[in-house]
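One structure is given here, and the rest of the page talks about it.
Chain A is the first sequence line, chain B the second, and so forth, proteins listed ahead of strands; every chain is numbered from 1. Keep in mind the model is a prediction, meaning the values are calculated, not measured.
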Amino acid sequence: MPNSKLLSLKLAISRFVPDGSSVVMGSAQETLIPFAAGHEVIRQRKRDLTLIGPISDILFDQLIGAGCVRKVRAAWVGNVITGSGYNFRHAIESGLIEIEDHSNLTLSMALRAAALGVPFLPTHTARGSDLFKTNPGLKDVTCPFTGQVLTAVAAINPDVTIIHVQRADEYGNAHSWGNTGITREACLAAERVLVTCEEVVSPEVISSDPNRVITPGFRVCAVAHAPWGAHPSPAPGHYNRDHQAFLDYRDESIRPQAFAAWQARWVDGVEDQAGYMTLLGEERMAQLRLKVNAPSAEANFGY
Amino acid sequence: MPNSKLLSLKLAISRFVPDGSSVVMGSAQETLIPFAAGHEVIRQRKRDLTLIGPISDILFDQLIGAGCVRKVRAAWVGNVITGSGYNFRHAIESGLIEIEDHSNLTLSMALRAAALGVPFLPTHTARGSDLFKTNPGLKDVTCPFTGQVLTAVAAINPDVTIIHVQRADEYGNAHSWGNTGITREACLAAERVLVTCEEVVSPEVISSDPNRVITPGFRVCAVAHAPWGAHPSPAPGHYNRDHQAFLDYRDESIRPQAFAAWQARWVDGVEDQAGYMTLLGEERMAQLRLKVNAPSAEANFGY
Amino acid sequence: MRSAGNNREHSETRYYTPAELMITAAAHEIADGEVVFVGMRLPLLGFQLAKTTHAPNATGVFELGIIRDKPASQPILTMGDLPNLYQAQWLSDTADIMGLLQRGLVDVSFIGGAQVDRYGNLNTTYIGGHENLRTRLPGSGGACDLASLANRHIIIMNHEKRRFVPQVDYITSPGYGQGAGWRESVGLPRGGPSAVITTLGVIRFDPETREMILSAIHPGVTVEGVREHTGWPLKIASNINQTPKPTPEELKILKKFDPDAFWTGP
Amino acid sequence: MRSAGNNREHSETRYYTPAELMITAAAHEIADGEVVFVGMRLPLLGFQLAKTTHAPNATGVFELGIIRDKPASQPILTMGDLPNLYQAQWLSDTADIMGLLQRGLVDVSFIGGAQVDRYGNLNTTYIGGHENLRTRLPGSGGACDLASLANRHIIIMNHEKRRFVPQVDYITSPGYGQGAGWRESVGLPRGGPSAVITTLGVIRFDPETREMILSAIHPGVTVEGVREHTGWPLKIASNINQTPKPTPEELKILKKFDPDAFWTGP
């Protein structure tokens, strides 16, 4: 049996997300965003990160506001239900960070190219758009069969992809369910995969359903237990989206001073995920927990 | 609610697999091969089919022997545990059918290209091989970023992909588990998907686990109930591989007369899947049924 | 906007908001049986409304990897809210959904816009352009893909002079470019905007020139009013008509899907 | 083949078959911790043997969409047998597995061959070539991909003159082509055959010329015997040695994984 990969979130981030890393987060779009991991990155004052993700909802805005970021390679950065991400907006407008402009499809293709081990993949999207002007990873390519001109998307090879899942074992085998977004290719494209999870379970639970495994365990570098680690985004099987937190964040991020107060309270003000849950409070967690349970039908993997 | 797509296997094949169709079968390689559907194709004396699949085990050899096939686009055609497929071998050597030589990777990329709606996908495989001489769907393409020369694989757009799954509802929503091979891209690439299944279940069973669904139900044209429809290949959750049937087939297919006898007994000799099961016999089915049950851990899709 | 004042012919005096009118107009763009690529915000409700009224057999596809053939089981604010995953027809990868789109299997999609020009090109990235940047907006998300690859797409946005400009500063989501033939010339496989639903009316595109033409005005709005808020001399359809008001039934359904009036509020 | 006859130094007189010897030799090519792309037939047993003996931390990947970190729970004849799916580390798509291979994450893979030449090019498709076809074989399957993309691959085949030819009639799976530098020149990213395990011995490749060199002979086999069954003057290593016989423990494990001697029979 391999060695255990179970680490505290603190240790996992300090070991596997050095300054200057390129990091995928928020690969499932609105669901299972690894906020706990992102907040630990902020607490450890990581610097010069390149963030990669389709639409990060507010996580990228938080990391930018905290000064961890040098560059963003994304399709959309903001607050899904309120619009603008103010830290992102100011950082771009004042030239503090770089941006490579993608669409959701070009970002997926960039990571699929890396996952497949090819330098590019072709697509029909973005033809005639100005994404070509603000994304050096887009060029024309001609189909050798049809002569059509397509958009070639250059591969993106992240140093680490961080995902939050429902359950994992200590060896890096993880079950994730719900929409998957670009998670599969993001994990296969990365040099290593860092997993945070709601529950740490026995290997037998995971191996009982190898189709539910999100990426092969031998490529996972660390597993960190982080209950409520996707909050305020939703985690299928565990809790609903905390809309109020996203509405509050809008006001808490419009001005730098307001954001500093938000960071002091919600990130630097807590030691770890246990502290975060205490700050969140049992009443609020109770409101977010599932009200309707809907168990999956069984599948038999016997012989 | 949409109309029911539940049809008899006879009706499903006669409606959706006209002569001259291009058909994907055996997309999961050794598992869940849609033998029942293939045998119905033989009974209906379909002609001029183009068969598409990675390695078909013996199904393609049977369809070729029965005279249903004009062309094969595949990586490997034979009998996995014994080697040659004699009908295939004879048909190629005597020029009766055409072959487009693929590798498992080029076939996957050809169907992924169609599934993605692009005319080609690039890969590093087959460089310097003679597959280029016997597959017009392989050409060189240069990466506009790195200048590397890669193998461009032309898209393959099948008329119909036929899959056998464990369970489906009458609207075309299907659960499949086990290794998936090239099934996902084969379903998304095809104009229509024809599903045969071990069990027809209520829509609630399928919708209880949308991650287990193999392809979106709105693209499925027909669902046919065909218990033991993958025999002699294995069906996870239902029965093991019938090795003896593959060993017997070797001898039953070496010479044309022998194959005629095999076809008369196992295909033309039975009216439908019920007849096939009677011929197979309860004792043999009992030997093949699962001895060890291994239920999947539950996932909660509530809110 | 209160409709009662300019609404005498209407038997009852129920109020509706501009958002309710726009969402209803959006829903009317969906035909039964169509495959709809549902975007963020107002389109979420437009799809739910259409699905519950005239388009029960519409299929909704969502870029994060969801396909639904029934409305969400509970009110949702984002497409990733758990009631939108519950009993979905398929939960899958973004690339699978984008593949259906790129193959041409999506009939209609919806996009919100910040800045649009006379040919329906959209900018949701750089106001002022990349060089003389004034305001950085969130960016494309899936909008560029929807505008590039759907069989048709519908733009939903506020009608203001600063937003309706002769030429956008940056093309995030391609419309008809410089007009007829442009999409073909740049290699777009199909599609283009079929309508722009604004706070003032509904705009369509001249099949010849691909330029915007005002096709309908909302109740209480005048053609002059629309022209005033448009950054170029907007063409007007000869047979211009009024946008149908949301029916009581439609308003009831919208209330059900948005009980707190998060999207439909004034 | 009986080994006892030429095996006097060996304390006990147990028999082993050529297949058992070849599978054991294949297993010895796997180092602990490696990622192994496991092919059809004999390699299935070679991986199980290595995993159970000297390479407990090897990971097995299978082209049909399986990754395993433990041996199959029961004897299997194909990689799709249900005991090979049971408690797998991952059940997935062929393209996912091929992606790991194409990325260079697969250390070693195994391929069976029908016809091979001095540079390790394999033909499993057209004997006689495509023009003057004599025998049509099943084709590549995943073999071309393994030979193209793995960091190294190992060929397992019967040693006969008609199979060991100066130049293959058709390259199904590329070896070193015409020799040094060829793989780079055609655009192969890495790899090449590291060994050919035959019924007579173990052949490796000259690091300079990339030509085959006989490196070991099986017990009871002579160098002349190997030369006789090779279609060109096969180079011989200066320090040629004998292939280690399967140990009683190895034979016991093989018996467990192949109780009916389907693959390991005489």
Does any N or O in the side chain of B/Ser296 come within less than 3.5 Å of the main-chain N or O of A/Asp209, such that one atom is a donor and the other an acceptor?
no
Please identify, among A/Ser207, A/Pro122, A/Ala155, the residue contributing the most non-hydrogen atom pairs under 4.5 Å to chain B.
A/Pro122
Out of A/His175, A/Arg167, A/Arg289, A/His238, return the one with the most heavy atom pairs under 4.5 angstrom to chain B.
A/Arg167
Sort out for me which of A/Ala297, A/Ala294, A/Gly302 touches chain B most, counting heavy-atom pairs under 4.5 Å.
A/Ala294
Non-hydrogen atoms of B/Thr146 and A/Pro119 that approach each other most closely:
CG2-CB, 3.8 Å
For chain A, the option from B/Leu121, B/Val292, B/Thr142, B/Asp140 that forms the most heavy-atom pairs under 4.5 Å:
B/Val292
Which atoms form the tightest heavy-atom contact between A/Arg212 and B/Asn211, and what is the distance?
NH1-CB, 3.7 Å
Select, from A/Val205, A/Asn300, A/Leu150, A/Leu116, the one with the greatest count of heavy-atom pairs under 4.5 Å involving chain B.
A/Asn300
For B/Phe145 and A/Ala152, which heavy atoms make the closest approach, and how far apart are they?
CZ-O, 3.4 Å
Over all heavy atoms of both residues, which pair between A/Pro295 and B/Ser208 is shortest? Give the atoms and the distance, please.
O-CB, 3.7 Å
At their closest point, which heavy atom of B/Lys139 faces which heavy atom of A/Pro144, and how far apart are they?
NZ-O, 3.4 Å
Contact origin within B/Asn240 toward chain A - heavy atom pairs under 4.5 Å
side chain
Where does A/Arg241 contact chain B at under 4.5 Å (heavy atoms): side chain, backbone, both or neither?
neither
Could you give the distance from CG (B/Asn293) to OH (A/Tyr303), rounded to the nearest 0.5 Å?
10.5 Å
Turns out that what part of A/Pro210 lies under 4.5 Å from chain B's heavy atoms comes down to neither
The test is side chain to side chain contact (heavy atoms under 4.5 Å, CB included); show your working for A/Glu298 and B/Glu298 and say whether it passes.
CA-CA 7 Å; A/Glu298 178 181 297; B/Glu298 178 180 296; over 6 Å; no
Heavy-atom proximity to chain B below 4.5 Å, by part of A/Pro136
backbone
Count the heavy atoms of every other residue, nucleotide or ligand shown that sit under 6.0 Å from CD of B/Glu282, and state whether that count exceeds 12.
yes
Side chains of B/Cys143 and A/Phe120: does their closest heavy-atom pair fall under 4.5 Å?
yes
Residues, nucleotides or ligands: over 12 heavy atoms within 6.0 Å of B/Lys71 NZ:
yes
Closest non-hydrogen contact found for A/Thr123 with B/Val118 is CA-CG1, 3.9 Å
For chain B, find which of A/Pro236, A/Ala154, A/Gly117, A/Pro234 contributes the most heavy-atom pairs closer than 4.5 angstrom.
A/Ala154
